Every structure is written in structure tokens, then in C-alpha cells.
Amino acid sequence: MAPVALVDCNNFYASCERAFNPKLEGKPIVVLSNNDGCVVARSNEVKALGIPMGEPWFKIEKEAKRHGIVAYSSNYALYGDMSARVMGLLGRFSPRQEIYSIDECFLGLEGFGTRDLTAYCQTIRQQVRQGTGIPVSVGIAATKTLAKLANHVAKKRPGYDGVCDFGRLTPGELNTLLDEIGVSEVWGVGRRIARRLEVMGITTVQQLRSADCRWIRQQFSVTLERTVSELNGIACIEIEEEAPNKQQIISSRSFGKPVETLQELSEAVCSYTTRAAEKLRSQESVAGSIGVYILTNSFKPQEPQYQRSQMVPLPTPTDDTRQLAQAALRGLKHIFKPGFRYKKAGIMLLGLEPKAHRPRTLFDDPAADSRSARLMQVMDVINTRMGQDTLKIAANGIERSWKMRRGMQSPRFTTDWNEIPNVRA
DNA sequence: ATCACGGTTTGCA
DNA sequence: CTAACGTGCAAACCGTGAT
């Protein structure tokens, strides 16, 4: 069985901020979620201070300032671009790469014969560090699930120096190691399942690994059964070089301030629909229906609460932003009730299918279809080249008073000349 | 009794 | 000064009506 490597960027968002600001080296830094809501990335210094992941910023801001923690609003333009650079470099080290998330990828390591995988992966680390400034760790094992654990070991245990190959351990050594790791570190075991396993007396990876497959299947699910097999070195999850098309596309966001008017909600819904439709077209699919939802702030139980959603079927499946937005706005009008302070809205595209397979009827208008396709193409090209929303439909609004807060964002160092300090294009 | 469905909940990252 | 708590996705689950 060919080994698999899982390459994961260390504290990715925090490392991106640091890569362009060397003064932050050794300093505790956090990156916040949209709206500067929760902590989504922490440097090692912050982890050492015991600040948990996902903590609402307002709860810890005072304490954080005392410790000299530097906070950043998330800067997805920067992180996305840095990710593309890291992934591009990593792709050169293997013929098979699965980009699993913004900061991790799997690499197939077949055909290396007896060569030293650990040394090879040290080279990978060094090259990525040199080429991008981002530190990465590498786990190597027979299956993706084990590679994830090996990566965890590479990160947490200093002796490994950022690379851990389970293939170099004897079965006995691996058993001992896995018995020291909590079951919740396993890929696919979250809080919920970890708790249930704990009640059954399974607390370590080694215990889960030696559990009976059929019993696991019956008590939990096929998914967890597969995980157990993978922990035993039986590959059930293949490296997927190309991402399968999405079955649904969601776009939702909390507002920067409470929103009360249908007008503002309409702008938000329209702009979310625009984002989702761009994704839809990029995978060359059409949507059969669109759902809209709005809700008030449940963290303020003293205020009147309201939440509702509405599905709107499209007359014929489409990828045209105008048709999708029109349908979404109809749905929104149907569920909108005045007198509430709305916190969040979202839309979802459902019933996705490849555009080429879309059923045609006698009443189709091929000329209109091709006009729509060309307009969407022009919009996509212009917006890709010149920036999001350079060209947009009017219902998006101009003011956008509802848009999210991001008070502490760093410059988009790699994608916008105008934001680089001391440079003006 | 079984299936397809749509909608909701659960779970993960 | 105040108020301030993410997003995206799939699988599992569940009730319903059709067969």
C-alpha cells in the first residue's frame, strides 16, 4: 500500500499575517472570524496562554490585551492567495495531490521505493518555508486517517521536527504511541462521538482501533466503521484529486449591525446570491431551486425572536444571477416581517446538476439562454480580473450599511498593490 | 411494508 | 462610550404520502 502524506500549515492564518510582518515573530497573535466574532486561529504563544479556539473575542479582549496579544480581522483575500502558492509548491512533490482545505493537502507517495520519506518531507517543509514563509508539518502513513494522526504527532512532539512517518515505527511502538493520543484527535471523531465513545470506555486512539468493526457499525455508522478500518491501515478513503461537484451551495453571513428593513435584507440576499451563483457557474452546474432564510439574534433572548426560511423552485434550472436573485427576493418578501432586528440572512442553491445535463423543453429559448450565458461570462471575467463586484446587478446596493465589521484587517499584501505599505500603483 | 421525498437535525472541520 | 458569539457542507434522521 502506497504511503500517504498529509501536509498541514501550522496556525495557517496566523502564519500568513506573520509572513508579511516579521515584527510579529515570537509575539502572540490571533485571527478573528467574520465580524470580528470568534478566535479562529492562534499562534503557539496564544495556545500556550490557554485561549481556546472559537472563543468569542468580546469575552477575552481585555485579557488578551493584557497579554499583549495582537488581533487581526480575517483577510481571506490574503489567505486564499497564500494557500494557492503553498499548494502550487506542494503539488510539485507528488503526481497526486488532494487539496483538502485552505491549509492542508494529501500527497500520494507511491514509487519512492526504499528512499527515505522523512528526508523527502523535510525537503518539502524547507522549500515551502523558503518559498512562502509558511511553516508546515507532515504526517506519513498507510491511510489518510493515520496520516492525519501522524501529522498531529509531528506538530505536537518536538522530537519529530515537523515530520512523522508511522511507517518507520514498529507495530508495538505505534500501539504505544496511539494509546497516548485521545480519541477526539481522530479525523471524523468530533465532540459528540468522542463523548459517546468515552461513555463506552473508549478514550484513546488505540482503544478505538482495536474495537470490533461490526459493533461500531451497529452502534454508530458506516462512516465510523470506515474510520476504524483506516486506523488499522486498511485504506477506505481514496485521495480525490479533483473535488466532486457540490450538491448544495450555501452563502450566509451575519450582519455588522442589526438590520430592520426589507431593503437592506434584499441587498444582502442579492449579494449572497451573487457569490453563490459565481460558485455554481465555476463548477458548470445549474440550480433547480433556491432557499432563503433570515433570523434574529438568538444571543439576545430579551429581544423578540423570529426565524423563517422559504424554498423557491426555479421554473427551469439556471445559473443566471438575475433569475436566481429574483427568485430569492420573492422568497424573502414572503417571509419578511417588519418589527424585528435581523442578525443574519442566507441563501442556498439546491437541486444542482451539471449544466450540460439540464433537461430541455419545447418552450426553451436558445437565443435567450445564450445571451444569459454570455452576460454571466462577461461578469465573471471582469470580476475575476478587476475585483469582486466591479460589475454587479443593481439590487446589491451601494451603501451596504449591513456589511460585516472587520476593524483590524491587515493589507492584502499579495493581491492588491494599493494596500502594500509605501507603494502606490 | 417499503420507498421516495422534502425538511430538519446532527456532526464535522 | 457601548456592544459585541462563524461558515459551509454532507450524512443521518424523520414524518409523510404513494405504491
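Keep in mind the model is a prediction, meaning the values are calculated, not measured. Residue numbers start from 1 in every chain, and the chains themselves are labelled A, B, ... in the order their sequence lines are given, proteins ahead of strands.
Ile335(A) has its CD1 atom 13 Å from the P atom of dG7(B), to the nearest Å. Counting to the nearest Å, the C1' atom of dT9(B) and the OH atom of Tyr293(A) are 14 Å from each other. Going from atom CD of Gln219(A) over to atom P of dA12(C) covers 16 Å, rounded to whole Å. If you measure from atom CG of Leu350(A) to atom C1' of dA11(C), you get 15 Å, rounded to the nearest angstrom. In this structure, Met348(A) atom CE and dT8(B) atom P are separated by 9 Å, rounded to whole Å. Here dG8(C) presents its C1' atom at 17 Å from CD of Glu278(A), a figure rounded to the nearest Å. Rounding to whole angstrom units, CD of residue Gln310(A) and C1' of dG6(B) are separated by 13 Å. In this entry the distance linking CG of Asp36(A) with P of dG6(C) reads 10 Å, nearest Å.
Note on ring orientation: taking the six-membered ring where Trp is involved, the planes of Phe20(A) and Phe413(A) are parallel (angle under 30°, cut-offs 30° and 60°). Tyr306(A) and Tyr342(A) have perpendicular rings, their planes meeting at more than 60° on a 0 to 90° scale where under 30° would count as parallel. Note on ring orientation: taking the six-membered ring where Trp is involved, the planes of Tyr79(A) and Tyr13(A) are parallel (angle under 30°, cut-offs 30° and 60°).
Residue contacts for Thr223(A): at a heavy-atom cut-off of 4.0 Å it reaches the sugar-phosphate backbone alone, with no base atom in range. Nucleic acid contact for Met311(A): sugar-phosphate only, since backbone atoms but no base atoms lie under 4.0 Å from a heavy atom of the residue.
Residues passing the salt bridge (Lys or Arg N to Asp or Glu O under 4.0 Å) test with Glu284(A), sequence neighbours excluded: none. Arg322(A) meets the salt bridge (Lys or Arg N to Asp or Glu O under 4.0 Å) test with Asp320(A); sequence neighbours excluded.
Within the structure, salt bridge (charged side-chain N to carboxylate O under 4.0 Å, His left out) pairs that include any residue of residues 221-250 of chain A comprise Arg217(A)-Glu225(A) (at least two apart or interchain).
Taking 4.5 Å as the limit, some side-chain heavy atom of Leu231(A) sits within range of a side-chain heavy atom of Leu146(A).
DNA chain C is contacted by Lys246(A), Gln247(A), Gln248(A), Ile249(A), Ile250(A), Ser251(A), Ser252(A), Arg253(A), Ser254(A) of residues 240-256 of chain A, taking any non-hydrogen atom closer than 4.0 Å. Applying a 4.0 Å cut-off to non-hydrogen atoms, the residues of residues 181-203 of chain A that approach DNA chain B are Trp187(A), Gly188(A), Val189(A), Gly190(A), Arg191(A), Arg192(A), Ile193(A), listed by residue number.
For the pair Glu185(A) and Lys155(A), the salt-bridge criterion is not met [side-chain N within less than 4.0 Å of a carboxylate O]. Residues Arg157(A) and Glu180(A) are paired through a salt bridge, judged by an N-O separation under 4.0 Å between the basic side chain and the carboxylate. Asp161(A) has a carboxylate O that lies under 4.0 Å from a charged side-chain N of Arg125(A), or vice versa, which qualifies the two as a salt bridge. Under a 4.0 Å N-O distance rule, the pair Arg66(A)/Glu63(A) does not qualify as a salt bridge.
For the P atoms, the distance linking dC5(C) with dC12(B) amounts to 25 Å, nearest Å.
At dC5(C), one or more side-chain N or O atoms of Asn297(A) fall inside 4.0 Å of OP1 or OP2 (strictly under the cut-off). Considering only side-chain N and O atoms, Lys343(A) lies under 4.0 angstrom from the phosphate OP1 or OP2 of dC5(C).
Heavy-atom distances to DNA chain C give each of Ser221(A) and Glu61(A) a nearest nucleotide, and the one nearer the 5′ end belongs to Glu61(A). Positionally, the nearest nucleotide of DNA chain C for Lys59(A) lies more toward the 5' end than for the other of Phe220(A) and Lys59(A).
A donor-acceptor contact closer than 3.5 angstrom is absent between the side chains of Gln97(A) and Ser94(A).
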Watson-Crick or G-U pairs under 3.5 Å in DNA chain C, rendered as dot-bracket with [ ] for crossing pairs and | for another strand = ......|||||||||||||
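Picking from dA13(B), dC5(C), dG6(C) the nucleotide with the shortest atom distance to the side chain of Ser33(A) gives dG6(C).
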